[in-house]
Protein chains: 2
Amino acid sequence: MLHDLDMEKRLREAKLRPTRQRVALAEIMFGKGDRHLSAETLYEEAREAGVAVSLATIYNTLHQFTDNGLLRAISIDSSKTYFDTNTGNHHHFFFEDSEEVVDMPDGYVTVANLPEPPAGMEVSRVDVIVRVRNNVS
Amino acid sequence: MLHDLDMEKRLREAKLRPTRQRVALAEIMFGKGDRHLSAETLYEEAREAGVAVSLATIYNTLHQFTDNGLLRAISIDSSKTYFDTNTGNHHHFFFEDSEEVVDMPDGYVTVANLPEPPAGMEVSRVDVIVRVRNNVS
DNA sequence: ATTTGTGCAAATCGTTTGCATCTGA
DNA sequence: TCAGATGCAAACGATTTGCACAAAT
């Protein structure tokens with residue numbers, strides 16, 4: 001697991017001041033591999049880890065991280081937004097029953113025959129969501 | 001534009017009682033080709049058309065229609081849910097700047113190399129969202 | 001010293017719910 | 001008749017905001 005100094009560096013590279021809270025939250029977020037966090041989840045994990053942060057700061061942090069490329073926001077169906085610690089090129093499975101989002105490794109899905117975007121527009125990203133459910137035959 | 005009797009039939013086929021409100025809302029929804037409506041939009045259009053419905057009924061109707069296959073719910077990014085009057089097989093452009101959702105005709109996009117869904121699961125749908133933005137070179 | 005971040009509580013906003021009243025079959 | 005719909009207002013849950021205080025450069 002990465003420690004404070006690594007996180008400080010990572011935050012500085014993202015042009016974010018490495019404040020106590022941001023470093024602590026970054027450790028929680030990035031310390032356990034790829035994950036999909038909601039604000040509430042992160043808030044609880046922070047409390048459990050003994051880090052005292054307000055929910056407002058959680059939201060601020062998630063958005064700042066997203067704006068600066070440390071996280072990717074995904075909103076599929078459910079009312080709450082999830083933040084993906086994996087910002088690389090990949091797609092998702094969405095389990096309709098449990099409302100869970102799971103990464104699909106890159107290299108699997110290929111998207112072909114994309115129509116041209118309208119003039120003056122450029123594609124910023126292509127998201128593929130494979131919705132799956134229990135096989136109720 | 002389709003008229004009352006067609007809508008009544010359509011609602012009955014979807015196993016929904018053709019009440020005054022549902023028929024009126026269906027006409028507004030389906031009378032102008034494929035569209036992406038939010039609850040608020042539909043509410044305003046109904047008022048403009050002189051149809052007195054409460055917001056609660058708007059929500060009820062949108063969900064009942066969705067459950068019975070007359071609409072498809074899509075939630076991309078923004079906080080509000082949109083309902084697509086096109087329930088056929090197709091994908092979407094999402095304009096990041098204006099937060100607009102636009103249909104992409106079927107036959108264009110091809111998705112290949114989908115990984116197998118986990119055991120006991122079946123794919124219920126594959127959504128492709130092409131996010132585009134203004135070309136800021 | 002300045003700028004930027006944080007915490008708290010109140011405010012927003014989309015959506016849902018409870019319940020009394022109506023309506024279609 | 002009477003299950004199913006509707007309307008209203010109150011309740012909700014996620015997110016945002018305003019502002020005073022604290023911390024980072």
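Only this structure's heavy atoms are used, side chains among them; waters, hydrogens and symmetry mates stay out.
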Can you tell me how far CG of Leu71(B) sits from CZ of Phe83(B), rounded to the nearest 0.5 angstrom? 7.0 Å
Hey, what do you get for OG (Ser78(A)) to CD (Glu99(A)), rounding to the nearest 0.5 Å? 5.0 Å
Treating Arg72(B) as the side-chain partner and Thr87(B) as the backbone partner, does any N or O pair qualify as donor plus acceptor under 3.5 Å? yes
Under 4.0 Å from any heavy atom of chain B: name the first and the last nucleotide of DNA chain C that qualifies, 5' to 3'. dG14(C) to dA25(C)
Has the side chain of Asn68(B) got a donor or acceptor atom that lies under 3.5 Å from a matching backbone atom of Ala14(B)? yes
Within residues 37-47 of chain B, which residues have any heavy atom lying less than 4.0 Å from an atom of DNA chain D? none
Mind listing the closest non-hydrogen atom pair of Leu11(A) and Phe65(A) along with its distance? CD2-CZ, 3.5 Å
Please determine if a side-chain N or O atom of His63(A) lies less than 4.0 Å away from the OP1 or OP2 oxygen of dT15(D). no
Answer with yes or no whether the hydrophobic clustering places Met29(B) together with Leu55(B); edges join I, L, V, M, F, W, Y residues whose side-chain heavy atoms lie under 4.5 Å apart. yes
Knowing that exactly one of Asp103(A), Thr85(A), Asn86(A) qualifies, which makes a side chain to side chain donor-acceptor pair (under 3.5 Å) with His36(A)? Asp103(A)
I'd like to know if the side chain of Glu96(B) pairs up with that of Ser124(A) as donor and acceptor (distance under 3.5 Å, no hydrogens or angles considered). yes
Going 5' to 3' through nucleotides 1-13 of chain D and flagging B where a protein heavy-atom sits under 4.0 Å of the base, S where only the sugar-phosphate is that close, and - otherwise, we get --BSSSBB-----
Determine yes or no for a side-chain-to-main-chain donor-acceptor pair under 3.5 angstrom, with Arg131(B) supplying the side chain and Asp127(A) the backbone. no
Between His91(B) and Val128(B), the two heavy atoms sitting closest are ND1-N, 3.1 Å
Five-pair end axes of the helix from dA1(C)-dT25(D) to dG14(C)-dC12(D) and the angle they enclose, rounded to 10°: 30°
How close do Ile28(B) and Val51(B) get, counting heavy atoms only, and between which atoms? CD1-CG2, 4.5 Å
For DNA chain D, the residues among residues 92-103 of chain A that have a non-hydrogen atom under 4.0 Å from it: none
Please tell me whether His90(B) and Asp34(B) have a donor and an acceptor in their side chains that are separated by less than 3.5 angstrom. no
Holding to side-chain hydrogen bond (donor to acceptor under 3.5 Å, both in side chains), I want the full list of residues that pass it with Ser38(B), two or more places apart in sequence or in another chain. Thr41(B)
Hey, what do you get for CZ (Arg10(A)) to CZ (Phe30(A)), rounding to the nearest 0.5 Å? 4.5 Å
Keeping Asp97(B) on the side-chain end and Asn134(B) on the backbone end, is there a donor-acceptor pair under 3.5 Å? yes
